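All remarks here apply to the structure that follows.
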Protein chains: 2
Amino acid sequence: MDKQFLMQQLRHFFDQYQAGIDWERCKIEPKVHVLNKGECLLKQGELSDRMFFLGSGLVRYYSLSESGKEYTQTLTKAPRLVGSTQALTLARPALFSIEALTTSVALSFHWQLFYQQMSQDLAFTQAYVRFLESIFISKEQKEHAMVKHSATQRYLDFCRDFSELMETLPKQQIASYIGITPIALSRIRTQLKNDEQ
Amino acid sequence: MDKQFLMQQLRHFFDQYQAGIDWERCKIEPKVHVLNKGECLLKQGELSDRMFFLGSGLVRYYSLSESGKEYTQTLTKAPRLVGSTQALTLARPALFSIEALTTSVALSFHWQLFYQQMSQDLAFTQAYVRFLESIFISKEQKEHAMVKHSATQRYLDFCRDFSELMETLPKQQIASYIGITPIALSRIRTQLKNDEQ
DNA sequence: ATGCGTAATTAACCTAGGTTTATTCATTTG
DNA sequence: CAAATGAATAAACCTAGGTTAATTACGCAT
């Protein structure tokens, strides 16, 4: 297999990602969203064609399984783009809800506008690449923690990474972020209290 | 908070991702890598400034914890870009190795070349966005499965998603992909055999 | 203050999957 | 061929965390 052939394959590979955006249907107007604590930008199971920009506040991405169990996959604060990449790029129902944990303000755009902007503005596109890289890295890090660290370690990591949320965030949501039940978290907390004496 | 202000914040947000690439040090030559089964493109703990393009073959991303336990985070086949986004963008040691599961051929480029290419070629950059989106979605899907599905379900999912690997891939690696020990996988397999009668 | 609904904790019990050790089987190496 | 090494399985046992249920503690509304 020679280098020339590999280069051509590489070209095909890139081509495959150039799939069709319907520029015609593109509507431009960015909307402003003001959310009270507990309100959602996006609800699990819904279709969404909007990308959000969280200007102020704090949100979590969480999903409920059929059995009613809750998992918080992301906890993040402004400023940041938020949205369901899966819902946007695959036009599928979102797998999670995005809920405001404090009063929050966001802008939103049609996903098509977002793509149109990319087709016109290289710097914009490059910035979006950087953003995607950064959230991909975060996801890898969480995957790593979930697989390799004990629940106790994940709780300690949470305390380190989100110390400002320790008091305000309900224990249930902390438990759901580290992937255990509130009962298990309670056990871990009393365990740690005993140990530190 | 008015829309104008939010828009400006959005601009700042995008600006933050324009951090410095050292274009001077950029070397251009793509290299060809031919790997036998078991050889690695990238080793956990090493620095890497190369992005790979897997032209043919099959690789897995796996990491070893201090205690020697192995976790296979990704299993993927050509054609695809492969590399450690974390190692490349943060100039940190890679958290996993990338190992060929069959004889494989890849190209590699300096990461700087890759970024340089983006600064010149909008279509290239957009394609890379699409690629990043797709791997981000895969990662979300795996996260979802790891948190919400039992080991048995994850094994069944594996059988569905990688039926062509069922015979060739060592059971250990299947176990490591679904996040359990080979012993547990063996138990699950005999359990399934008994059930289906 | 009284009563209600939700959050957090505790205790008792259960289970999926980890750990240890041993056995079998298959492949490689001398 | 024998010996050796590694993969898969099996059995016995252990433990982290889930489940159920009861108890307490904390708002918040009337």
Side-chain angles (χ1 to χ4, degrees), chain A residues 36-39 60 62-72 75 99 101-102 142 145-159 162 165-197, chain B residues 36-38 60 62-72 75 99 101-102 142-143 145-159 162 165-197:
Chain A
N36 295 317
K37 178 175 171 173
E39 291 179 333
R60 69 179 183 121
Y62 76 97
S63 54
L64 294 170
S65 58
E66 321 71 56
S67 54
K69 249 159 294 173
E70 179 179 307
Y71 173 63
T72 296
L75 221 40
E99 181 196 59
L101 295 176
T102 63
K142 188 159 189 205
M146 292 299 283
V147 172
K148 303 222 164 160
H149 295 170
S150 67
T152 303
Q153 188 55 54
R154 288 182 334 252
Y155 176 63
L156 293 171
D157 291 348
F158 173 86
C159 298
F162 297 97
L165 295 183
M166 283 297 295
E167 297 312 316
T168 58
L169 205 63
K171 303 275 177 292
Q172 311 185 47
Q173 289 180 16
I174 299 177
S176 133
Y177 181 75
I178 63 184
I180 59 178
T181 60
I183 292 111
L185 176 58
S186 182
R187 245 180 333 223
I188 286 167
R189 283 163 48 79
T190 60
Q191 185 59 46
L192 288 172
K193 264 178 243 156
N194 294 340
D195 288 358
E196 80 190 12
Q197 281 159 16
Chain B
N36 295 318
K37 178 174 173 174
R60 69 180 183 122
Y62 76 97
S63 55
L64 294 171
S65 58
E66 321 70 57
S67 53
K69 248 159 295 172
E70 177 179 309
Y71 173 62
T72 296
L75 220 43
E99 181 196 59
L101 295 176
T102 63
K142 189 160 189 201
E143 176 185 26
M146 291 300 282
V147 172
K148 304 221 162 158
H149 295 170
S150 66
T152 303
Q153 187 56 53
R154 291 188 324 260
Y155 176 62
L156 293 172
D157 291 349
F158 173 87
C159 297
F162 297 97
L165 296 183
M166 282 298 294
E167 298 311 316
T168 58
L169 205 62
K171 303 275 175 293
Q172 312 185 46
Q173 291 181 14
I174 298 177
S176 134
Y177 181 75
I178 63 184
I180 59 177
T181 59
I183 292 113
L185 176 58
S186 181
R187 248 182 329 228
I188 286 169
R189 284 163 48 81
T190 61
Q191 185 59 46
L192 288 172
K193 264 178 243 154
N194 294 341
D195 288 359
E196 80 189 13
Q197 280 158 16

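Everything numeric in this text was worked out from a predicted model, so none of it was measured. What's counted below: heavy atoms across the whole structure, side chains too, no hydrogens, waters or symmetry copies. Reminder, nothing fancy here: chain letters follow the sequence lines and each chain counts from 1.
For A:Lys142 against A:Thr72, the heavy-atom pair with the smallest separation is NZ-O, 2.9 Å. Nearest heavy atom pair, residue A:Ala145 against residue A:Arg154, reads O-CD, 3.4 Å. Closest heavy-atom contact between A:Lys37 and A:Leu101: CG-O, 3.4 Å.
Inspection of the B:Glu143 and A:Tyr71 side chains reveals an N or O donor paired with an N or O acceptor under 3.5 Å. With no hydrogens or angles considered, a side-chain donor-acceptor pair links A:Ser65 and A:Ser67 at under 3.5 Å.
In this structure, CD of B:Gln191 is placed 14 Å from C1' of D:dT9, rounded to the nearest angstrom. As a whole-Å value, the separation of B:Leu169 CG from D:dA8 P is 9 Å. What separates CD1 of A:Ile188 from C1' of D:dG18 is a distance of 12 Å, to the nearest Å. Protein atom NZ of B:Lys148 is 14 Å distant from nucleotide atom P of D:dG18, rounded to whole Å.
For the atom pair B:Gln173 CD and B:Leu185 CG, the distance stands at 12.0 Å (nearest 0.5 Å).
The span of DNA chain C lying next to chain B, judged by atoms under 4.0 Å from heavy atoms, is bounded 5' to 3' by C:dG17 to C:dT20.
Annotation: proximity of residues 173-184 of chain B to DNA chain C (heavy atom, distance under 4.0 Å) is found for B:Gly179, B:Ile180, B:Thr181, B:Ile183, B:Ala184, numbered in ascending order.
Base contact: B:Arg187 has a heavy atom under 4.0 Å from a base atom.
In terms of phosphate contacts, B:Arg189 brings no side-chain nitrogen or oxygen within less than 4.0 Å of OP1 or OP2 of D:dA8.
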As a quick check of understanding, evaluate side chain to side chain contact (heavy atoms under 4.5 Å, CB included) for A:His149 and A:Asp157, giving each step before the final call.
CA-CA 10 Å; A:His149 295 170; A:Asp157 291 348; 3.3 Å; yes
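Partners of A:Glu39 according to the salt bridge (Lys or Arg N to Asp or Glu O under 4.0 Å) rule, which considers only residues two or more places apart in sequence or in another chain, do not exist here.
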